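Comments concern the structure below.
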Amino acid sequence: MVLSSVLGFPRIGAKRELKKATESYWAGKSSVEDLLKVGKELRAHNWKLQKDAGVDLIASNDFSYYDQILDASLLFNVIPERYQKYSLPQIDTLFAMGRGLQRPATDSTPAVDVPALEMVKWFDSNYHYVRPTFSHSTTFKLNGQKPVDEYLEAKELGIETRPVLIGPVSYLVLGKADKDSLDLEPISLLEKLLPVYAEVLQKLLDAGAKSIQIDEPVLVLDLDEKVKAAFKTAYSVLAEKVPAAKLILATYFGDVRPNLDAVKGLPVAGVHFDFVRVPEQLDAAVEALSAEQILSVGIIDGRNIWKADLNKAVKFVESAIAKVGKERVIVATSSSLLHTPVDLENETKLDAEIKDWFAFATQKLSEVVIVTKAVNGEDVKAELEANAKSISARASSSITNDAAVQKRVAELGEKDTKRASAFAARLEAQKSLNLPLFPTTTIGSFPQTKEIRVQRQKLNKGEITAEQYEKFIEKEIQDAIKFQEEVGLDVYVHGEPERNDMVQYFGEQLKGFAFTQNGWVQSYGSRYVRPPIIVGDVSRPSPMTVKESKYAQSVSPKPMKGMLTGPVTILRWSFPRNDVSQKVQAQQLAFALRDEVNDLEAAGVTVIQVDEPAIREGLPLREGEERSAYVQWAPESFRIATSGVKDSTQIHSHFCYSDLDPAHIKALDADVVSIEFSKKDDSNYIQNFSDYPNHIGLGLFDIHSPRVPPQSEFEKRIADILAVYPKENLWINPDCGLKTRQWDECRKQLTNMVNAAKVFREKY
Ligand code: GLN
Ligand code: ZN
């Protein structure tokens with residue numbers, strides 16, 4: 001009989017219980033016992049939910065109070081000395097490593113002041129993990145036994161689970177050397193780490209675990225020979241030490257084919273593949289397995305919110321069965337369901353037509369089970385028919401088939417992707433802006449004060465009228481402009497007081513988007529996001545930002561930047577469609593934004609910034625066709641959005657959150673780019689953009705911090721940059737928008753920044 005399995009379930013709770021419990025604990029408002037109790041309840045709830053849904057192989061140890069990779073670091077004692085030294089309770093060490101800890105001394109405890117470990121994106125998802133950080137003094141040893149405890153906890157509830165661990169190779173490869181041990185290559189620690197893994201596996205076996213899921217997602221990355229060889233070492237050692245452990249090696253988020261030689265012949269019981277992402281890898285996967293090994297068929301998408309096409313999924317699993325036989329197949333989610341919202345049932349405001357197209361984590365459990373039942377010959381005819389109906393309803397809906405939008409994309413030509421003139425001519429035309437040398441500006445947002453949030457809530461609750469709200473926003477804009485006058489900036493912004501979020505604000509005004517009330521997904525720690533969902537062909541029914549920009553421009557004669565979020569960023573920070581390529585979705589968004597850019601220009605806005613902070617994170621994980629295609633279509637969609645303007649209109653773009661590839665930035669052909677820069681401690685980074693042909697501003701202060709750098713510090717930074725960049729090209733600006741700051745903080749920060757710019761203006 002074919003078994004069903006789920007690689008992991010969201011741990012945040014359908015009502016964000018985990019966030020509330022952890023934040024209340026951090027704030028000192030509840031005890032550690034309260035927190036642990038909530039954790040236990042969530043685990044029990046999730047296991048029971050899966051059991052009731054009929055899932056055979058349910059994950060345990062997929063729960064975490066912060067991050068599952070950080071849990072592994074704690075388990076293996078990979079705790080840098082700067083955290084060890086405080087001898088905090090285990091859970092506080094976990095949080096200190098995850099988010100830093102600053103605490104004054106008390107009678108019984110010394111003061112604590114330690115920053116967080118580095119946090120990085122989990123593959124190409126919007127989840128972030130805490131990076132394991134190794135040094136020469138790292139001593140692996142078992143620190144507690146969380147996976148065993150949670151396995152037993154489930155067992156006590158009468159639920160047999162399959163514990164999940166991050167695999168040893170991925171664990172090391174995803175980590176890095178600590179500051180004091182930069183010559184250390186994490187993978188060289190493998191042999192020291194393995195005995196501890198063996199110990200955990202043995203304990204799990206002793207506790208009764210029948211099989212163990214061991215995640216090796218790095219198998220979808222470009223790996224060097226050393227890392228590839230490490231798989232053989234790792235799994236031979238584990239098989240030798242714990243021969244009875246039945247390991248299912250799990251890969252996800254991509255194509256394993258380029259690394260199949262590393263998987264072939266490993267002494268594991270089975271291998272899991274993500275066939276949602278890469279159905280084409282079935283034959284190669286089958287080929288790589290021995291006649292005894294299990295093929296775990298990841299066929300229900302763990303990364304998206306769409307109902308699966310169950311009939312298609314059944315066919316796919318049947319084709320796998322035809323190749324390896326029933327006894328060797330497991331039906332599974334493509335990855336952990338961590339990346340999907342918890343339960344669609346909590347959505348009461350979604351349009352019924354659209355709601356019928358969705359499956360959140362809870363609904364995906366049934367999907368896995370239905371497919372399993374179908375291939376086992378059980379009667380699920382009614383379920384499959386209902387599914388087929390909603391799949392075809394979606395395919396033929398007018399929401400997913402807007403002929404005008406499709407026509408516009410189909411007719412996309414070179415003229416839509418290129419400014420009328422090259423940069424030199426544009427620069428000449430933009431002299432009409434009358435900007436001084438070293439123009440100063442900000443990135444867009446000004447403090448989102450409590451008052452702004454209160455007014456927005458009042459509007460949403462109907463406690464004030466749209467006119468009252470509009471008047472309030474106008475007043476905010478006036479204040480922001482007055483502030484900028486006082487500080488002495490050159491190019492103004494309106495401050496974005498009307499925006500709840502840089503993606504949601506646009507999504508709400510575009511046709512083709514849907515929003516959830518409770519569709520939260522963990523981004524990191526207690527930070528969750530609620531991404532908009534692209535449900536259909538995207539278009540712009542009416543202008544989105546013109547009213548505010550026009551108003552702002554009417555208040556002051558200074559150039560006022562119109563402010564938009566770019567097509568790639570809107571796409572990346574939403575749940576995309578799975579029936580249309582990302583490229584086409586970006587193009588649709590780009591045309592909608594092009595209309596907005598052109599309308600802004602027509603309204604007299606002469607400088608327009610289109611932010612693309614997410615452009616780097618969309619880059620496919622490995623080299624090859626998909627990546628080459630992305631570096632074409634992503635900048636192209638930006639150019640579609642921005643190339644419809646006159647030479648004299650100055651196009652800006654802005655990037656943050658990542659190490660950018662200068663080549664990608666160049667391809668946007670923006671007149672001016674601003675890049676987050678102030679926190680880079682690598683002095684070579686300054687060189688990175690030095691051959692950027694157009695104008696550029698490297699962020700001069702950290703907008704996440706209230707710290708006010710003295711004017712001398714700004715001068716030093718500017719001087720360093722001027723040593724590398726031509727003075728005519730340089731803009732003076734912060735790292736990013738100032739929405740999280742207080743007004744008095746940014747007044748001081750910007751005053752020092754502007755004064756420093758003036759010093760250099762005098763000099764040259
Ligand atoms: N214009 C946006 C702001 O200033 C940019 C935000 C971002 O890049 N994350 O808030
Ligand atoms: Zn930014």
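Counting convention: from 1, in listed order, for ligands and their atoms alike. Owing to the predicted nature of the structure, the values given are computational and were not obtained by experimental measurement.
In summary, of the residues considered (Asp669, Asp671, Asp647), a salt bridge (Lys or Arg N to Asp or Glu O under 4.0 Å) with Arg419 occurs for Asp671 alone. His652 pairs with exactly one of Lys561, His695, Met563 by the side chain to side chain contact (heavy atoms under 4.5 Å, CB included) rule, that one being Lys561.
The aromatic rings of Phe515 and Phe513 sit parallel, their planes meeting at an angle under 30°, below the 60° perpendicular limit.
Close approach of ligand 1 to Gly737 (heavy-atom distance below 4.0 Å) involves ligand atoms 3 (C), 4 (O), 10 (O). For ligand 1, the atoms closer than 4.0 angstrom to any heavy atom of Gly444 are 4 (O). Of all the atoms in ligand 1, the ones that sit under 4.0 Å from a non-hydrogen atom of Ile443 are 1 (N), 4 (O). Listed by number with element, the atoms of ligand 1 under 4.0 angstrom from any heavy atom of Cys736 are 6 (C), 7 (C), 8 (O), 9 (N).
Residue-level proximity to ligand 1 for Ser445 is carried by backbone and side chain together, each with a heavy atom below 4.0 angstrom.
To the nearest 10 degrees, the Zn ion (ligand 2) sees NE2 of His654 and SG of Cys656 at an angle of 110°.
Any N or O atom pair closer than 3.5 Å counts here, and Met502 shares no such pair with ligand 1. On a distance-only criterion, Gln609 and ligand 1 share no N/O pair closer than 3.5 Å. Any N or O atom pair closer than 3.5 Å counts here, and His654 shares at least one such pair with ligand 1.
For atom 2 (C) of ligand 1, the closest non-hydrogen atom on the protein side is Asp611 OD2, 3.3 Å.
No cation-pi contact links Lys727 to Phe438, judged by a cut-off of 6.0 Å to the six-membered ring centre and 45° from its axis. The side-chain tip of Arg303 points at the ring of Phe253 from less than 6.0 angstrom away and within 45° of straight on.
No hydrogens or angles considered: nothing links the side chains of Gln504 and Arg499 as a donor-acceptor pair under 3.5 Å.
The pair Glu470-Lys547 counts as a salt bridge, with a side-chain nitrogen and a carboxylate oxygen less than 4.0 angstrom apart.
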